[in-house]
Amino acid sequence: MKHKIFKRLLILLLLILAVIICFPVLFLIVGSLMGNDELNHYLGAVLGRSDGFASWALLPTWPTFKAYVQLLLDSPEFFVMFWNSIKMTGAILIGQVLTGVPAAWGFAKLNIPHKKLLFNLYIILMLMPFQVTMLSNYLTLDRMNLMNTSWAIILPAAFSTFPVFIMYHFFRNIPDVIIESAKLDGANKIQVFFYIGIPLGSSGIVSSLVLSFLDAWNLIEQPLTFLKDKTLWPLSLYLPNISMENAGLAFVASVITLIPSLLVFLAGQNYLEQGIAASAVKE
């Protein structure tokens with residue numbers, strides 16, 4: 001009896017926490033469906049249109065898609081930034097596959113001199129925030145004449161160490177017996193990598209790409225630091241001047257920016273859980 005009561009209380013607590021966590025998303029969706037008059041009523045105190053305190057409603061009183069139409073049909077700069085995000089994110093993921101997958105396989109299964117030392121160095125680099133490496137990246141990219149180009153965002157992210165860390169644990173869990181059997185059958189190292197390593201480590205590759213997509217799609221500091229031309233900015237930097245006239249656009253832009261991340265997360269949720277579990281395993 002006590003066990004059932006405890007279980008129900010735990011479920012109730014988790015539901016309350018879930019509602020609290022999801023509230024910002026619900027706040028955005030509801031706000032994107034409100035007209036300017038209704039937004040002025042609720043947020044006028046925040047945006048300097050009235051005195052008192054801001055308030056909010058769970059549902060819009062007069063739902064409207066006016067802000068969606070305005071953003072999607074009358075905001076060309078939004079689509080420029082959208083395609084910038086698509087190109088940057090796609091190039092970053094391709095670069096991480098080309099560089100990260102072989103690196104993770106090498107650390108996991110190849111006999112490389114000082115492999116443990118090199119992998120620990122990878123971990124240290126992964127723990128460093130962007131603010132620590134910003135100056136060195138800036139000087140390097142400036143010397144390569146890549147400042148104010150998309151490559152200034154793509155190249156540092158393409159060589160990120162975090163995907164290597166995720167994929168390493170998946171490759172490490174591949175039984176050595178399978179690899180030795182393939183070698184006895186005449187497979188060389190490249191064949192073992194392509195026909196055994198990649199198929200058996202595909203869950204790790206996908207989970208790392210899901211995490212990398214979420215990170216690359218929401219980049220803010222890197223574009224602000226390395227891109228001066230606003231026509232090169234990604235969608236994560238699109239936010240109109242927030243006033244009562246543009247409040248609806250701000251809500252809609254946030255919702256649309258959130259949709260790709262949400263779809264990728266839902267599509268790769270199972271792989272993402274496996275990646276988190278694998279990265280938590282102690283050496």
Side-chain angles (χ1 to χ4, degrees), residues 71 75-107 110 112-115 117-168 190 193 198 205-241 253-254 256-261 264:
L71 181 70
S75 301
E77 68 277 5
F78 176 83
F79 287 97
V80 171
M81 293 186 177
F82 180 84
W83 287 114
N84 287 341
S85 286
I86 292 291
K87 291 185 288 185
M88 288 182 188
T89 303
I92 288 171
L93 296 183
I94 292 173
Q96 290 182 355
V97 169
L98 295 177
T99 62
V101 175
W105 176 258
F107 282 126
L110 298 183
I112 302 173
H114 310 295
K115 180 172 66 175
L117 176 62
L118 290 173
F119 186 72
N120 289 334
L121 179 61
Y122 254 63
I123 302 301
I124 294 174
L125 291 174
M126 183 186 71
L127 296 175
M128 290 184 178
F130 170 72
Q131 292 82 358
V132 175
T133 59
M134 178 178 63
L135 179 58
S136 59
N137 285 340
Y138 185 94
L139 294 175
T140 302
L141 293 169
D142 184 60
R143 191 64 180 266
M144 297 173 66
N145 295 321
L146 294 177
M147 289 295 297
N148 201 33
T149 67
S150 298
W151 292 107
I153 309 300
I154 294 170
L155 286 180
F159 291 94
S160 174
T161 59
F162 182 68
V164 177
F165 175 75
I166 295 293
M167 292 183 283
Y168 165 82
I190 296 178
F193 171 63
I198 292 180
I205 296 173
V206 174
S207 65
S208 68
L209 291 180
V210 171
L211 290 171
S212 296
F213 178 90
L214 299 176
D215 182 51
W217 186 260
N218 297 297
L219 287 177
I220 293 179
E221 293 176 318
Q222 291 86 337
L224 283 175
T225 304
F226 301 141
L227 300 178
K228 297 179 181 179
D229 190 352
K230 290 187 177 182
T231 60
L232 298 174
W233 280 8
L235 189 59
S236 55
L237 296 183
Y238 178 84
L239 192 63
N241 183 27
S254 299
I256 295 178
T257 303
L258 178 65
I259 290 175
S261 297
V264 170

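This is a predicted model, so every value here is computed, not measured. Basis for what follows: all heavy atoms, side chains included, without hydrogens, waters or symmetry-related copies.
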Taking [atom1] in [X] as the centre, count heavy atoms belonging to other residues, nucleotides or ligands within less than 6.0 Å. Is the count above 12?
X	atom1	result
I259	CD1	yes
K230	NZ	no
F159	CZ	no

4.5 Å side-chain heavy-atom contact, [X] and [Y]:
X	Y	value
F162	L211	yes
S236	W217	no
F82	T257	no
S160	Q96	yes
S207	I166	yes
T225	F130	yes
Q222	M134	no

Got a second to check how far [X]'s [atom1] is from [Y]'s [atom2], nearest 0.5 Å?
X	Y	atom1	atom2	answer
D215	F213	CG	CZ	11.0 Å
L98	L93	CG	CG	11.0 Å
F119	I112	CZ	CD1	11.5 Å
I256	Y238	CD1	OH	9.0 Å
I154	T89	CD1	OG1	9.0 Å
T133	M128	OG1	CE	8.0 Å

According to side chain to side chain contact (heavy atoms under 4.5 Å, CB included), who are the partners of P223, at least two apart in sequence or on a separate chain?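 For P223, the residues satisfying side chain to side chain contact (heavy atoms under 4.5 Å, CB included) (neighbours in sequence not counted) are I153, L219, L227, P234, L237.
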
**Full working for side chain to side chain contact (heavy atoms under 4.5 Å, CB included) between T149 and F226** = CA-CA 8 Å; T149 67; F226 301 141; over 6 Å; no

Indicate yes or no for a side-chain donor-acceptor contact from [X] to the backbone of [Y] under 3.5 Å, with no hydrogens or angles considered.
X	Y	value
D229	N148	no
S85	L235	yes
N84	T231	yes

**Asked** Ring centroid separation for Y122 and F165, is it under 6.0 angstrom?
**Response**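 No, the ring centres sit 6.0 Å or more apart.
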
Shortest non-hydrogen separation from [X] to [Y] and the atoms involved:
X	Y	answer
L110	K115	O-NZ, 3.0 Å
M167	A104	CB-CB, 3.7 Å
L232	S150	CD2-OG, 4.3 Å
V97	P102	O-CD, 3.6 Å
I205	S208	O-OG, 2.7 Å

Problem set entry | W105 and F193 aromatic ring geometry - parallel, tilted or perpendicular at 30°/60° bounds |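 Rings of F193 and W105: tilted, 30 to 60°.
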
